[in-house]
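See below for the structure under consideration.
A quick note: this is a predicted structure, and the numbers were derived from the prediction, not measured.
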Amino acid sequence: MASEHYTEEHNRHFQLRDIPRYIRNVLIFVIFLALICLIWNKFISNRTEKQTTTIDTSSRLEKTLKISELSTYQVTFNGVAAVRNDDNRVLYYAAYNAKISIGLDMEKITVSIKNNNRHSKERTDKTNDKTGKELLVTLPAVEITDIAVDPGSLDYIFKDDSANNEHVSITALPACKSDALAECNSNTQMFELAQENAINTVRALTQPFLDQNKEYTLKIVGEGGYGYE
């Protein structure tokens, strides 16, 4: 029995040694290549999963901001518009009340996520290095979104009696709207208030997400990249 066992072991060793070197090299290369492919596929799978999660998160938040009544600031404006003829001669003045809405083009809001490396200033050892994520919300410029002149508020002072007819409101309304637009565009305070409302609204809408995901910080910027914070 011992002799037979020895013979079988000897033959098996002999058969392994008998494999040509180039075949052994091919087998080793194939095994090595298979391991590389396995590791690479695992890496790509993890990376794709992270990218998909990031895109899904930013898309959901962006959609939330776009469907919200974001940053609309309304004010009632009282003004007087001068209505002129083709020769630039004043025909009459029209006093009016208008409701002005100032806000954002919500379709231009974008949300993105980027990774940040935040290093502790108190200690420099590697155990205190922290990796965080930044929720970046980019807001478009604040603009006048609507001017609604109240027709019932119109009151006229005529310089040319021929302009006092049943069609006077047809020319008065667009003149009043243009006058309100020009006056409001020069009022920077209204735009600042609308911008502040936009920022506060973004913070309120994103706060639940930030509370659940402590690794994220919020940054709000304008179209040009300038920060609001």
Hydrophobic clustering (ILVMFWY, side-chain heavy atoms < 4.5 Å, transitive) - are [Y] and [X] grouped together?
X    : Y    : answer
V149 : I157 : no
L210 : V137 : yes
V80  : I147 : no
Y96  : V90  : no

Check [X] against [Y] and note the closest heavy-atom contact, atom names and distance.
X    : Y    : value
L104 : P140 : CD2-O, 3.4 Å
A81  : A175 : CB-O, 3.7 Å
T145 : G103 : CG2-N, 3.8 Å
C184 : I144 : CB-CD1, 3.6 Å
I170 : P174 : O-CD, 3.1 Å

I need the [X] [atom1] to [Y] [atom2] distance, nearest 0.5 Å.
X    : Y    : atom1 : atom2 : value
K219 : S112 : NZ    : OG    : 10.5 Å
L136 : I113 : CG    : CD1   : 10.0 Å
S162 : L91  : OG    : CG    : 6.5 Å
I100 : M190 : CD1   : CE    : 7.0 Å
E62  : T138 : CD    : OG1   : 9.5 Å
R84  : D160 : CZ    : CG    : 13.5 Å

Measuring only between side-chain heavy atoms, which start at C-beta, is [X] closer than 4.5 Å to [Y]?
X    : Y    : value
V168 : Y156 : yes
I199 : E196 : no
V83  : Y93  : no
D211 : Q207 : yes

Quiz prompt | Derivation of the ring-ring contact (aromatic ring centres under 6.0 Å, His included) call for Y216 and F209 | solution = CA-CA 9 Å; Y216 284 87; F209 172 81; 4.9 Å; yes
Closer than 3.5 angstrom, by distance alone: can the side chain of [X] be matched with the main-chain N or O of [Y] as a donor-acceptor pair?
X    : Y    : answer
D105 : E107 : yes
N185 : L181 : yes
D87  : R89  : no

Return yes if a side-chain donor-acceptor contact under 3.5 Å exists between [X] and [Y], otherwise no.
X    : Y    : result
E134 : T217 : no
E183 : N187 : no
Y92  : T171 : yes

Exercise. Quick one: do K99 and D146 satisfy salt bridge (charged side-chain N to carboxylate O under 4.0 Å, His left out)? Show the steps, please.
Key: CA-CA 8 Å; K99 183 175 290 185; D146 186 52; over 6 Å; no
Exercise. Any chance you could lay out the side chain to side chain contact (heavy atoms under 4.5 Å, CB included) test for L173 and L154, step after step, and finish with the verdict?
Key: CA-CA 9 Å; L173 284 173; L154 296 178; 4.0 Å; yes
